[in-house]
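First up is the structure itself, then whatever we jot down about it.
The chains referred to below are lettered A, B, ... by the order of the sequence lines, with proteins before strands, and numbering in each begins at 1. The figures that follow rest on heavy atoms only: side chains count, while hydrogens, waters and symmetry mates do not.
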Amino acid sequence: MSRNEIIMAGIGGMGVLVAGQTLSRAAFHQYKHTSYVPSFGAARRGGNSEYTVIFSDEKISSPLLDQSQSVVLLDSTQFAAYEARVRPGGVYIVEKSDLTAERGRKDYKLYTLPGMEIAVSMGASVLIGLIMLGACIAITECISPEAIEDEIRLRFAGEKDLLQRNLDAFRRGFELGKAAR
Amino acid sequence: MSRNEIIMAGIGGMGVLVAGQTLSRAAFHQYKHTSYVPSFGAARRGGNSEYTVIFSDEKISSPLLDQSQSVVLLDSTQFAAYEARVRPGGVYIVEKSDLTAERGRKDYKLYTLPGMEIAVSMGASVLIGLIMLGACIAITECISPEAIEDEIRLRFAGEKDLLQRNLDAFRRGFELGKAAR
Amino acid sequence: MNKKAEGPKKEKVVGTPALFVTEWWTQFLWDMYCPGCQTPLVGRLIAEAIEELGIGDRAIMVMGNGCHAYLAGGLDFDVTSGGHGRAPDIATAMKRVMPDGIVFTVQGDGDCVAIGADALIGALSRGEKITIIMVNNTNYGTTGGQMAPTTIVGQVTTTSPQGRNPDVEGYPTHAAELVATFRGVSYSARGSLHTTANYRRTKKYITTAFQRQAEGVGLSFVEVITACPPNWHMTPIESLAWIEEKAIPDFPLGEFKNVTHIE
Amino acid sequence: MNKKAEGPKKEKVVGTPALFVTEWWTQFLWDMYCPGCQTPLVGRLIAEAIEELGIGDRAIMVMGNGCHAYLAGGLDFDVTSGGHGRAPDIATAMKRVMPDGIVFTVQGDGDCVAIGADALIGALSRGEKITIIMVNNTNYGTTGGQMAPTTIVGQVTTTSPQGRNPDVEGYPTHAAELVATFRGVSYSARGSLHTTANYRRTKKYITTAFQRQAEGVGLSFVEVITACPPNWHMTPIESLAWIEEKAIPDFPLGEFKNVTHIE
Amino acid sequence: MGDRIFIEGNEAVGWGALSAGCDCYFAYPISPQNEIPEFFSREMPKRGKVFVQAQSETGTIGMLYGAAAIGVRAMTSTSSPGWGLMQEGMSNLSGARLPCVIVLVQRVGPAVQNLQHAQMDYKSVTRGGGGGDYRNMVLAPSSVQETHDIVQLAFYLADKYSNPVVVLMDALMGHIFEPLEVKTLDFGPLPSKDDWRLRLRGQRKDGKHIVSPAKGMAEGYIDYLRNLREKYKSMESEIRYEGYMIDDAELVLVAYGYCARVCEEAVNEARAQGLKAGLLRPITLWPFPYKDIRDKAAQGCKFLVVEDSLGQMVDDVRMGVEGKAEVSLVDITFRHIASEDGMIMPQRVVEEIKRLI
Amino acid sequence: MGDRIFIEGNEAVGWGALSAGCDCYFAYPISPQNEIPEFFSREMPKRGKVFVQAQSETGTIGMLYGAAAIGVRAMTSTSSPGWGLMQEGMSNLSGARLPCVIVLVQRVGPAVQNLQHAQMDYKSVTRGGGGGDYRNMVLAPSSVQETHDIVQLAFYLADKYSNPVVVLMDALMGHIFEPLEVKTLDFGPLPSKDDWRLRLRGQRKDGKHIVSPAKGMAEGYIDYLRNLREKYKSMESEIRYEGYMIDDAELVLVAYGYCARVCEEAVNEARAQGLKAGLLRPITLWPFPYKDIRDKAAQGCKFLVVEDSLGQMVDDVRMGVEGKAEVSLVDITFRHIASEDGMIMPQRVVEEIKRLI
Amino acid sequence: MAKGEIVIDETICKGCGYCAEFCSRGCIEIPGDKFTAKGYLIPVFAHPEKCNACGVCAWMCPRFAIDVYKYVEATAK
Amino acid sequence: MAKGEIVIDETICKGCGYCAEFCSRGCIEIPGDKFTAKGYLIPVFAHPEKCNACGVCAWMCPRFAIDVYKYVEATAK
Ligand SMILES: Cc1ncc(C[n+]2csc(CCOP(=O)(O)OP(=O)(O)O)c2C)c(N)n1
Ligand SMILES: Cc1ncc(C[n+]2csc(CCOP(=O)(O)OP(=O)(O)O)c2C)c(N)n1
Ligand code: SF4
Ligand code: SF4
Ligand code: SF4
Ligand code: SF4
Ligand code: SF4
Ligand code: SF4
Ligand SMILES: [Mg+2]
Ligand SMILES: [Mg+2]
């Protein structure tokens, strides 16, 4: 696929932007065009946080997307809002704790995955971003997991413990996604 | 005459603006419309200083005049520039020390008067403004000398010596003008 | 809220201060504070001081721009916030129009002694009878931890990545001492909240500052050193130790001026 | 010029200082100074101090906005003037780019401690290695004699028509003392020119200030009290007496800080 | 008839503010408007009202913000460099929707030049020099009496729309002496400020009030902006201008402030020579009388803008005519006669009129 | 090909400045551009160049003035409230004709709101928020690569015209990550600064130099202004814009910064649906491509301005078309979707295109 | 013997640990494996029997998350 | 006996009187009836015989209007 689109949304402290940076940097090495748009309020803490990553062999016009091929939602209270942003035929990957909303459309594939459960079991809620990114990559196959792992290694180079935890989180997510696929 | 126009020009320290204020305040009590436009640079000292006074029973449109019925010039080095500002048929009253320039036009009445000489003889160059105002009023009869004297009294009320000097200066100028008329 | 009390008969001895508006506080601004941020404690002390002095009905406040300003939501006084650094100007106008008011500002170190230095010096020079509470977290908190005039020598910030070098970036500005040099000032002190004892002393400073305003003496000023763990790249507990070991040696605590009338 | 010397063989012992550009000076700005204005004397002292220290070739200067700024025309250094109060900012940039330069500002009291207070405090906080010469005529000279932060108690100005009332307008700001509280400062002094002895002392202050910059120590500052007869509504000679009797008691003369290296 | 006095424009500003019940005034010295702070330093203490000389214009605009926030009538005045320093503050006042009056007596620019007369702040004052989508009403008097009256109107409009209002003058309007009748004008009832202004805690009748531009966030930012837009739109009902001999005019002069006075004389002289010139003098510079200008353009009029700058208002006139009429300009380079700087004088305008009709 | 890196727009500003040989940078922290001062605080000391964090934005603009006066390449950056505080300084820089670069990463307003994305400083930045008749060139990039390139162009144009140049961005352009090829661009030779810049006395080869806006007085004020006008006029030769599918367009979208990217997508989608839309993206916001817009209007095109404000650039487009074409607006109230504030998204623009064609 | 007790509001606690640090009687502990809904570590009133209702933990809590109660009757549990 | 002399430039003197005030030997006087072209009072070097070329008058002159000369030979007039 020559063009890939991912939106991920959550709240502060979920590692959303770390996931976005990792994904986009990995894509940058493989694609001619990559855009990564993080979005966060003035408050660096607690607010909503979202990113849009596009990578493509063609020029990217708008780096903002009304709808994206894949949408990953970490805060399921916003299920309806982000469902609207899944392209017909796309995938919607939702963290399932607290999920009460129902699907409004049938033209996309829905995955609900227990990302938070895994994160807490690993001892830090901030890991959920990489876990769900892993799942997303397993499901969409938009980029190789190795490329992501390389980026994680670069990011946490010299911080052995952190590196291991983050790699583990990504891999657990990847496995989760593969299983769900 | 229902409309009167006076431009006076000099340099700082010649009491130009005191003369203008005195004249315009006096006119204000007698006329429905009076305008007084002082003009001075940011420098409060040494620069050029000029005013335009108009008083009239009719509305005053522009308070600035290309040409005025009477022009009083205290710094004769600017003779040519201010000659251009005398209305045809008007009067041009010039302090005569240093006067070297020649008339460029014949359509106005020229008076050259020794204002500075009198001022210095009275012990202060700052008096020249009132001296030349006195002369102007004697020549143009645009307003009664008493009205001006009343204003001088108001202005220097409580400062007996100053008051007397300024009254004297105005009167000496008035006599000078009367003699020249 | 899941505060619950069961069991033996009991009375609440410490809770949220009476002059706090928890709705606003919780709803809009509460979540803005990082774990371990001590700024809210400054709000607590202000509320308690004003309450104990019995001057709450006369109070009105002005916030700077920065993390300290979220207290706008907490303290139960009418409040405004304008341009970054302008709080002393705003408070000046309020106090002049309402001389009976207890008018105070809460400002950050950047707000108060960097961009607001002319407002501060102006108010000091005019001897405005207001109270200024300056929350000194040794950096620009809100904008992500840049160097401030109060950043201590050697401290790493996002704009002093090698640590503040006094030969290039100068020495930390000592607001409380600076303020104390002005004749129109009634009170100036610096406190911290990193130990219980200092917490108590700082409360006394803040109380005295408000008292001086109530007495109409002159401008009163309290600088409070507070922990900013994320921008210091420390845990909250480590931050307290850093205050003790690094900040205090550079920023002596205590009262620098305290007079009940001026000359 | 009608300076002439006839008669016995003689040599000029005092004239216009060598570092003065009389063309510019005479042509554009000379006439701006009122009779008895002492501001030009500050220019004379600067010229002589720099010459005596032999650092003229490294000098460059920045003027504030106000009567003091007419010295731009007189002193024979490249010069700029920007926004009112901005001289320390401008000088900061110049010194940073040319660390070997002798960069100094000439500012008025209003320029330096009112509108320029943030620039001053900023430069002090960063410990900029520049020299600031503040001409204190206790009012806003250029704009016609309004009250300044340095106006003394009781002094009548066009905006304190009843005399400065400390209860309303505060007490005069003491720039030299304020500056001395900053750690990044090498030198701070206040002089006057109302007697020959003070003239000599002030020259020493200005010389030391430039010397400290040449040594690279820290910010150096000299405040000079000067007569502004028209705005004080006095004759020049009366102005000198007023300085002695009214200004000096409020503005003590002397050195407030003088160090050859900082900690 | 009230007191009739002979006074300069700057002092007329003061009398107008007193007539409007101005409670406090803040300023920093700057020519050519020093007579305004000097007036208030004399007059306010006598009346138990507030005069504060701030440490800078960033200071005055902050003080204005504080006074407006507690709901009293407050004013400042300045000239061009001070106006530049107030732009962040103007954005704050506008964002927080605070009623107050700012008098700007323009001087020449850019930056600090030695002269005084000019009209060069039109763009900045009508477009807003600070950040963000905001608009301030701008009123431009052209006589001493009108200065006094317009300052009162400015206070009224500020309160009516809860918005800063700028009174734009020039050095000539500040320094000209003319007769003035001091009297309080009644523009009608105003909305109460009680639902938003700040009070000491003991004076509160309802809940806590917060004055802040950031309140827009609490209201929902887009709604806040929509409300601002509505407000700005509704201000268009305040468009004021004066027409002088424009009904049958073939050439319409457009000018404000001192240039309008000069143009009136030029129109008189042109008429005396049989030339059908007229003058449209915008009194509100924002909102601007685009429509009325467009109507004149539709009638086939040409336009001559006279302004003492390189040409700023002329852009608004062009926007008004939408290419349907020729628009000419007499600008600062048309100055002639006397003093270092010269001024735009009637004769030069008459020449242009002759050239154009 | 130079280094290819993946970087955000704010850091691209830094790399662009380094590529241009920027000698010093001054700033005060403010979101959403803190990455720029943080970049320089890291990179300048390594290169023996100057980074100073000022005490305020009035401070930074003063420092910029000092650096420009001695003739080195100097830059600052800020966001909207800081821009407001710089207006007096902008007037000074312009009046003194000093070359320098100011990067403005806009945030929402008026005043300080909690959000970041918006394009609301267009009026202030193109009209000049300080006093006096001055003009600054304004360049608006819409990609990371263009940001880097335009910063270099800005330094070049500043030196070429001896005038401040503003680079206008928005929070999205500041925070978007895209690939960047870092390379020095050569725009050609530049005039020497030696005849006016300030030097230490010992380095002087000619007489004393004075840098001051008030020098206009010494030159003769009206001549000084005439020269300024000539200069501003000559800057019109620098008008730059990018046309995207405009040759046969029936509807021309006009947008800059992030909105231009959104519009490009909308044009693609419209074309896919057979609708003849195109995009005209002004790169110089001042001088503005009025003529080119007028030409399109003359060809019968309609216009749709897309800007993330209540509508500011739309006035320039209207001035361009002179009533000869319909001009519609997608403004900030058209924002939809996600996060507290929302953004203008392609779909909403497509809807407007459909409505208009 | 407990003289009082404290109540911690877990919805607003951000797990800084100051309460545990400053309780001189060691009443409060941070287990390290209990998180709030937002992922912060939760402090636990582990040794109520030692509490003398001194109030210090509440004072020092920057979230105002702690209320301190004093037993009024001497009959503490 | 005069050790030197001073020369006052009347075109730039503004008549402040400082020179007369500060000459401790009383060499300079302000007659009070002599004005410059611009109307300022003119100081006069009235007692040259007392001058010792100390330079004080020149230092204190804010117009730099005075040059002070010292006689090189002992043969002063
Ligand atoms: C004119 C202006 N410049 C910059 C900013 C950005 N800004 C907002 S808060 C802040 C820093 C505040 O630091 P400080 O005053 O120390 O408060 P803290 O956040 O540390 O409590 C800055 C720079 C602004 N709002 N306005
Ligand atoms: C922003 C701004 N505000 C006001 C002014 C007007 N102004 C010019 S000089 C000056 C006062 C200068 O006073 P001071 O600094 O004491 O200098 P002095 O004239 O007394 O030497 C003022 C207020 C200005 N130029 N710029
Ligand atoms: S950044 Fe620092 S000051 Fe701001 S809320 Fe966090 S800890 Fe507190
Ligand atoms: S007003 Fe004062 S400071 Fe200015 S030139 Fe005159 S005496 Fe000097
Ligand atoms: S002090 Fe307060 S916020 Fe911190 S851990 Fe204890 S209860 Fe939680
Ligand atoms: S009230 Fe005192 S003893 Fe009880 S838990 Fe808190 S700090 Fe410990
Ligand atoms: S001191 Fe100088 S200016 Fe003053 S009177 Fe003497 S010569 Fe003239
Ligand atoms: S040189 Fe000395 S002695 Fe001679 S006139 Fe001057 S002050 Fe007097
Ligand atoms: Mg801080
Ligand atoms: Mg002064």
* Walk me through it: do D:K95 and D:E128 pass the test salt bridge (charged side-chain N to carboxylate O under 4.0 Å, His left out)? => CA-CA 8 Å; D:K95 183 73 182 186; D:E128 299 296 345; over 6 Å; no
* Determine yes or no for a side-chain-to-main-chain donor-acceptor pair under 3.5 angstrom, with F:Y156 supplying the side chain and F:F187 the backbone. => yes
* In terms of heavy-atom pairs under 4.5 Å with chain F, which of D:I121, D:T80, D:I102 leads? -> D:T80
* Asked: F:N92 versus chain D, heavy atoms under 4.5 Å apart: side chain, backbone, both or neither?
  -> side chain
* Residue pair D:F210 / D:E215, side-chain heavy-atom distance below 4.5 Å -> no
* Asked: To the nearest 0.5 Å, what is the distance between CD1 (D:I50) and CG (D:L75)?
  -> 7.0 Å
* **Per-residue contact mode, D:L19 against chain F (heavy atom under 4.5 angstrom)** => side chain
* Structure fact -> Under 4.5 Å to a heavy atom of chain D? For F:L198 that would be both
* Just by modelled atom types, is the F:S19 backbone N or O under 3.5 Å from a matching donor or acceptor in the F:T184 side chain? -> yes
* In terms of ring plane angle, is the pair F:Y25 and F:F51 parallel, tilted or perpendicular, where the classes change at 30° and 60°? -> parallel
* To do: Verify the ring-centre separation between D:Y33 and D:Y70: is it less than 6.0 angstrom?
  => yes
* Asked: Side chain, backbone, both or neither: which part of F:S91 has an atom under 4.5 Å from a heavy atom of chain D?
  -> neither
* To do: Mind ranking D:T92, D:V103, D:V97 by heavy-atom pairs under 4.5 Å with chain F and telling me who comes out on top?
  => D:V97
* salt bridge (charged side-chain N to carboxylate O under 4.0 Å, His left out) evaluation trace for D:E177 with D:R190 -> CA-CA 9 Å; D:E177 290 87 333; D:R190 178 184 297 112; 2.5 Å; yes
* Toward chain F, the part of D:A119 with a non-hydrogen atom under 4.5 Å -> both
* Counting only heavy atoms closer than 4.5 Å, note whether F:R197 contacts chain D via side chain, backbone, both or neither. => backbone
* Tell me, side chain or backbone of F:A96 under 4.5 Å from chain D's heavy atoms, or both, or neither? -> neither
* Below 4.5 Å from any heavy atom of chain F, which atoms of D:M94 appear? Answer side chain, backbone, both or neither. => both
* Contacting region of D:M63 [heavy-atom separation from chain F under 4.5 Å] -> neither
* Structure fact -> Most heavy-atom pairs under 4.5 Å with chain F, out of D:V79, D:D78, D:D118, D:D57, belong to D:D78
